[in-house]
Amino acid sequence: HLNALKENGLVYECFCTEEEILKSKEIAVKSKRPYIYNGRCANLSAGEKEKLSLSLKEKGLYPSIRLNIAQVLRMDSSFDSIEFNDAVHGRLTFNSKLIGDFILKTEDNRFAYNFASIIDDYDLGITHVIRGEDHISNTPKQILVLKALGKEPPVFAHISLLYGKDGKIMSKRDAAANIQYYKEKGYLPEAILNYLAVTGNTFTAHGYRNGKKEILEKEIFSDILEMAELLDIKKAKGSGAIFNEEKLRHINERWLAGMPAEKLIKILTEKFQAGDVLKKLQETYGESLYIEIIGFLKNEFKTVKEILKEIDIFFDGVNIKLDGIEYDIKLKDALLNNLRHTDDFGENSIKNIIKETASGNGKTVKECYETLRLFVTGRLDGPSILKIIKFLGKDRVVERLSV
RNA sequence: GGCCCCAUAGUCUAGCGGUUAGGACGUUGCCCUCUCACGGCAGUAACACGGGUUCGAAUCCCGUUGGGGCUGCCA
């Protein structure tokens, strides 16, 4: 493609240095004039070119290659103004004369983005280019390349960018904004995708409000396919959005709750190297109770990481530390005593034992729960202690209360 | 500096000439409850500013301000 442009005299070699470019730009800015590359190298004589080429070669460099926009515009007067219909921004118009002869090939002999990208897309038969709106200003350049080659441009859609709290763009090249970081933090890929899809864009579906059927905004999807079906790029907003992790957490929680326990197990094993922990849990409790525990946990937490942290309390021989926490040792012993005399560790049974212990010791039911929770899990918050006790079973509970 | 994109609560948004400006996250209170979370109910909070068009503007037009992007050969 570059050769085709060369043959038609639409490109030229440039020997300008970075210093020269910067200087001429500075002058332009100071005098409040638009900066456009002056095209100086377009008119170099063969002798000058050879000389400059040689000195570049000594440094191991090549002359860069620019598109000669003046020549391209000569091909067709309609090229003076580059218009394209952006799928999210509508009709966009640019003045070709303000673009300036940009680089197609670099000093180190590589194709520059504005050339490589559009040519690549063309060769691959790409019909729709969807990218961030930071590329809007690059689009007329790329269209010009295509026009110079006599090709038709694809459909463009420029979607809004995501920004951090500091207002800076969240770029894929920015390590702190990497998706991998959020995956490791315990967010599901589906939830991340859901969040990303729904910010800066609106999805609608039929639903019911106050008993009446209407079109409602849809924010949380049950599967990726549904999201794909409902996606409408034309509804995308042209304004940028600030990343909101709280909302991601919320969406993640919903995906977690809607996920089968088996799938969560797969994720924990493959993505969080929790295979050993899970195997231990499975061996300790048996298949069906194991699935039940995982199913229980996935409804109680917002991220995979939080679930992983909680699994530990289900194992044998956990060492509960109660340093610096106040507790009623007598109440604990009373609970222990009463629990020893039952074999029914179902929720209702435990509930009754707690009631009896409370009234028998002049304590509140709440105090009993707290004491139990403290000795069984080491904490004062967390999921239903009745359920945890049910899963743990008599032996483990009695053991923890016996310290 | 030039060119371009954008502008509704703290955040994401609905709205496309007449609405009590709707929803979601957050937040506050209440209910549920052994705690946290979930769930339910209630509350909080927004049309950047100035002109114009119009009987009527969040909505259409212009300007200002503000944010963002491109402007080097990084993608």
Side-chain angles (χ1 to χ4, degrees), chain A residues 14 16-18 20-22 25-37 61-66 86 88-90 92-95 97-100 102-117 131-141 158 160-163 165 167-169 171-173 195 198-204 209 214-220 235 237-251 253-254 257 299-302 306 351 354 358 364-374 377 379-386:
Chain A
C14 176
C16 294
T17 64
E18 181 179 0
E20 289 166 334
I21 297 284
L22 252 33
K25 185 180 171 180
E26 195 186 325
I27 290 167
V29 170
K30 266 188 185 162
S31 62
K32 304 196 177 193
R33 303 259 21 146
Y35 166 73
I36 301 164
Y37 175 67
L61 295 173
Y62 302 78
S64 51
I65 295 174
R66 291 182 186 268
D86 188 287
V88 347
H89 292 275
L92 264 22
T93 308
F94 295 83
N95 182 350
K97 297 198 175 72
L98 258 23
I99 289 173
F102 56 94
I103 299 288
L104 265 26
K105 204 168 188 187
T106 70
E107 264 181 349
D108 49 4
N109 208 27
R110 290 165 33 225
F111 292 110
Y113 173 75
N114 278 320
F115 186 60
S117 148
R131 38 148 66 154
E133 63 184 356
D134 50 338
H135 285 291
I136 289 181
S137 322
N138 285 328
T139 306
K141 297 179 191 174
H158 290 95
S160 62
L161 267 20
L162 237 207
Y163 299 85
K165 284 191 186 68
K168 294 267 183 292
I169 295 178
S171 161
K172 63 187 170 194
R173 284 174 281 176
Y195 169 74
V198 118
T199 122
N201 203 3
T202 306
F203 291 70
T204 52
R209 176 151 41 198
E214 32 184 314
I215 294 172
L216 300 175
E217 289 171 43
K218 181 138 183 116
E219 281 212 307
I220 295 170
K235 284 195 181 138
K237 286 252 306 185
S239 53
I242 293 170
F243 178 69
N244 183 345
E245 190 169 349
E246 281 300 331
K247 186 118 183 186
L248 208 209
R249 267 178 77 78
H250 175 251
I251 291 174
E253 174 187 49
R254 301 293 300 274
N299 287 317
E300 296 287 334
F301 296 97
K302 294 194 178 184
E306 287 168 24
K351 213 177 201 169
I354 286 171
T364 63
V365 170
K366 195 179 166 114
E367 284 171 313
C368 289
Y369 273 107
E370 280 174 0
T371 304
L372 213 43
R373 176 180 288 283
L374 214 45
T377 70
R379 296 212 318 264
L380 279 168
D381 60 1
S384 163
I385 193 66
L386 288 175

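Chain identifiers are assigned alphabetically (A, B, ...) following the order of the sequence lines, protein sequences preceding nucleic acid strands; residue numbering begins at 1 within each chain. On a predicted model such as this, the values are computed, not experimentally measured, just so you know. Just so you know, these numbers use all the heavy atoms, side chains as well, and skip hydrogens, waters and symmetry mates.
- Across all strands shown, C47(B) remains unpaired; no Watson-Crick or G-U wobble contact has both distances below 3.5 Å.
- Checked against G1(B), U71(B), U13(B), the side chain of Lys141(A) finds its nearest nucleotide in U71(B).
- Between Glu253(A) and Arg249(A) no salt bridge is recorded (no basic side-chain N to carboxylate O distance below 4.0 Å).
- Among the protein residues, Glu367(A) comes within range of no part of the nucleic acid, since none of its heavy atoms lies under 4.0 Å from any strand.
- Applying the 4.0 Å criterion to OP1 and OP2 of C38(B), one finds that Arg254(A) has every side-chain N and O outside that range.
- Close to U35(B), at under 4.0 Å from its OP1 or OP2, lies a side-chain N or O of Lys366(A).
- Within 4.0 Å (heavy atoms only), Gly100(A) reaches no atom of the nucleic acid at all.
- Among the heavy atoms of the strands lying under 4.0 Å from Pro383(A) is at least one base atom, whether or not backbone atoms are also near.
- A residue-by-residue look at Glu300(A) and Val88(A) shows that Val88(A) has its nearest nucleotide of RNA chain B further toward the 5' end.
- Note: Ile99(A) CD1 to Asn114(A) CG = 10.0 Å, rounded to the nearest 0.5 Å.
- Counting only N and O atoms by type, the side chains of His158(A) and Thr139(A) include a donor and acceptor under 3.5 Å apart.
- Separating the P atom of U44(B) from that of G1(B) is a span of 43 Å, rounded to the nearest Å.
- Residue Thr106(A) is in base contact, counting any heavy-atom pair closer than 4.0 Å across all strands shown.
- Taking atom C1' on both nucleotides, U11(B) is separated from A45(B) by 12 Å, rounded to a whole Å.
- Within the nucleic acid shown, Tyr195(A) has no heavy atom closer than 4.0 Å to any nucleic acid atom.
- At the heavy-atom level, Leu248(A) lies nowhere under 4.0 Å from the strands shown.
- As judged by a 4.0 angstrom heavy-atom cut-off over every strand, Ser64(A) is placed among the base-contacting residues.
- When heavy atoms are screened at a 4.0 angstrom cut-off, Cys368(A) is found touching no nucleic acid atom at all.
- A21(B) is unpaired under the Watson-Crick or G-U wobble criterion, no partner having all donor-acceptor distances under 3.5 Å.
- His158(A) comes within contact range of no nucleotide atom at all, as no heavy-atom separation falls under 4.0 Å.
- Taking both residues in full, the closest heavy atoms of Asn244(A) and Tyr195(A) are given as N-OH, 2.8 Å, listed atom of the first, atom of the second, then distance.
- Base engagement by Asn138(A) is indicated by at least one non-hydrogen atom pair under 4.0 Å involving a base atom.
- Scanning atom types as modelled, no donor and acceptor separated by under 3.5 angstrom connect the side chain of Thr202(A) and the base of C12(B).
- No contact: Glu370(A) has no heavy atom under 4.0 Å from any strand.
- In this structure, A7(B) forms a base pair with U65(B), meeting either the Watson-Crick or the G-U wobble geometry with both donor-acceptor distances under 3.5 Å.
- Two residues, Ala241(A) and Gly238(A), neighbour RNA chain B, and the one matched to the more 5' nucleotide by heavy-atom proximity is Gly238(A).
- Here the separation of A57(B) from U19(B), taken at their C1' atoms, is 13 Å to the nearest Å.
- When heavy atoms are screened at a 4.0 angstrom cut-off, Arg249(A) is found touching no nucleic acid atom at all.
- In the set A75(B), A37(B), C34(B), A37(B) carries the atom at the smallest distance from any side-chain atom of Lys302(A).
- Judged by atom type and distance alone, Glu133(A) does not reach the base of G68(B) through any side-chain donor-acceptor pair under 3.5 Å.
- Contact annotation: Lys218(A) does not reach the phosphate of A24(B) (side-chain N/O to OP1 or OP2, under 4.0 Å).
- Phe94(A) comes within 4.0 angstrom of sugar-phosphate atoms only, judged by non-hydrogen atoms across all strands, and of no base.
- Distances shorter than 4.0 Å separate some side-chain N or O of His250(A) from OP1 or OP2 on C25(B).
- As judged by a 4.0 angstrom heavy-atom cut-off over every strand, Ser160(A) is placed among residues making no nucleic acid contact.
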